[in-house]
Amino acid sequence: MTEENANIRKIMHVMRRAPHGTIYTYEGLEMILIMAAYEQDLSVAFIGDGVYALKKDQQTEGIGIKGFSRTFMALDGYDVEKLYVDEASLAERGLSEEDLLVDVEIMDSGAIGRLMNEQDVVIHH
Amino acid sequence: MLHTINKSPFESATMETCFRFLQPGDPVLFIEDGVYAVESANRFSSDIREALESNPVYALKPDLDARGIATLTEGVLTVDYNGFVALVEEHRMNSWL
């Protein structure tokens with residue numbers, strides 16, 4: 001067990017882009033799922049347009065893609081439970097916690113910045 | 001934690017976003033098109049000066065030279081590739097791509 005623990009890294013994924021205009025969010029989500037399989041200490045921060053990835057009621061049939069917002073709801077099942085949303089990013093988009101489809105912790109930028117600083121690795125998407 | 005920024009602030013909000021999450025004392029390094037941020041007397045000079053109050057700010061010299069940027073906001077330091085490597089050796093990375 002101790003040997004296994006030595007390989008655990010604190011890794012934060014930072015989602016910064018809106019979900020469908022580019023493939024960053026989708027690729028980021030895939031990377032999170034792959035890393036979860038290796039039992040790393042994962043957290044995900046949603047900042048800037050990244051908060052749009054969590055918006056409820058995304059219906060993507062009309063743009064011909066499957067949509068992946070519901071996969072964020074499944075992260076819990078992969079033990080990825082630390083989801084943080086930047087309060088200022090939500091507010092400037094006129095959104096609130098009720099507009100998001102998963103349970104997240106809403107934090108101010110300073111608090112998320114401090115969490116970033118505690119990570120071994122920070123990966124932006 | 002070393003923060004690198006590679007986007008022009010005129011084109012993208014990456015620098016502003018980075019600065020909002022930046023912890024005091026952490027170095028910031030502008031590279032590629034990010035270096036346009038530190039040219040003196042531009043729209044972002046006051047943001048750079050504000051950052052310099054709590055954080056060291058660097059720009060990569062070869063990227064400045066490639067873009068003809070010779071005058072920098074006062075207090076911004078330049079590093080060459082070896083300096084870049086030294087910063088990376090000393091700090092964990094946060095690349096704001």
Side-chain angles (χ1 to χ4, degrees), chain A residues 8-18 21-29 31-32 40-53 82-93 104-125, chain B residues 1-37 43-44 46-60 63 79 84-97:
Chain A
I8 294 182
R9 292 268 191 281
K10 284 175 78 72
I11 302 170
M12 177 180 273
H13 290 266
V14 185
M15 312 304 273
R16 282 176 39 216
R17 291 180 172 85
T22 66
I23 201 165
Y24 287 99
T25 313
Y26 182 76
E27 292 275 344
L29 186 55
M31 199 190 282
I32 291 165
Q40 298 297 300
D41 179 357
L42 298 182
S43 55
V44 189
F46 297 82
I47 72 179
D49 279 351
V51 301
Y52 286 133
K82 290 182 268 188
L83 307 184
Y84 308 111
V85 168
D86 175 40
E87 196 171 28
S89 301
L90 263 191
E92 68 187 6
R93 287 162 182 77
V104 296
E105 206 170 323
I106 308 231
M107 296 175 111
D108 65 42
S109 311
I112 293 177
R114 285 190 288 279
L115 282 173
M116 274 181 189
N117 235 13
E118 291 170 9
Q119 306 297 316
D120 296 306
V121 182
V122 179
I123 303 171
H124 291 250
H125 301 289
Chain B
M1 183 166 262
L2 170 67
H3 295 258
T4 61
I5 298 167
N6 77 336
K7 299 284 190 297
S8 161
F10 296 96
E11 183 193 82
S12 132
T14 301
M15 181 191 81
E16 286 168 60
T17 309
C18 170
F19 282 4
R20 195 146 58 82
F21 293 88
L22 192 60
Q23 297 299 293
D26 281 352
V28 179
L29 170 63
F30 288 95
I31 59 172
E32 300 166 19
D33 284 347
V35 300
Y36 286 115
R43 180 151 73 82
F44 298 97
S46 60
D47 297 302
I48 300 293
R49 275 193 291 271
E50 201 179 314
L52 278 164
E53 285 172 19
S54 49
N55 298 75
V57 177
Y58 301 91
L60 191 64
D63 283 331
V79 288
F84 189 172
V85 172
L87 283 169
V88 171
E89 275 181 340
E90 200 181 330
H91 301 276
R92 288 162 296 124
M93 285 282 284
N94 196 340
S95 305
W96 293 76
L97 300 173

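Just so it is clear: chains get the letters A, B, ... in the order the sequence lines come, proteins before strands, and each one is counted from 1.
Of the N and O atoms on the side chains of B:Asp26 and B:His91, not one donor lies less than 3.5 Å from an acceptor on the other residue.
Pairing each heavy atom of B:Asn55 with each of B:Gly25, the nearest pair is ND2-N, 3.3 Å.
A donor-acceptor distance shorter than 3.5 angstrom exists from the side chain of B:Arg92 to the backbone of A:Asn117, with no hydrogens or angles considered. With hydrogens and angles ignored, the 3.5 Å screen pairs no side-chain donor or acceptor of B:Ser54 with any backbone N or O of B:Pro24. For A:Asp49 (side chain) and A:Arg17 (main-chain N/O), no donor-acceptor pair under 3.5 Å exists by modelled atom type. Under a 3.5 Å cut-off, the side chain of A:Glu105 and the backbone N or O of A:Tyr84 do not form any donor-acceptor pair.
By number of non-hydrogen pairs under 4.5 angstrom with chain B, the leading residue of A:His124, A:His125, A:Arg16 is A:His124.
No more than 12 heavy atoms of other residues, nucleotides or ligands shown are found within 6.0 angstrom of CD on B:Glu50.
Neither the backbone nor the side chain of B:Leu22 has a heavy atom closer than 4.5 Å to any heavy atom of chain A. Using a 4.5 Å cut-off between heavy atoms, B:Arg20 touches chain A through backbone and side chain atoms alike. Using a 4.5 Å cut-off between heavy atoms, A:Asp86 contacts chain B through its side chain alone, with no backbone atom that close.
Look at A:Lys10 and A:Asp41 and you find a salt bridge, because one of the NZ, NE, NH1 or NH2 atoms lies within 4.0 Å of a carboxylate O, short of that distance.
Residues of residues 10-18 of chain B that come within less than 4.5 angstrom of chain A, heavy atom to heavy atom, are B:Thr14, B:Thr17 in numerical order.
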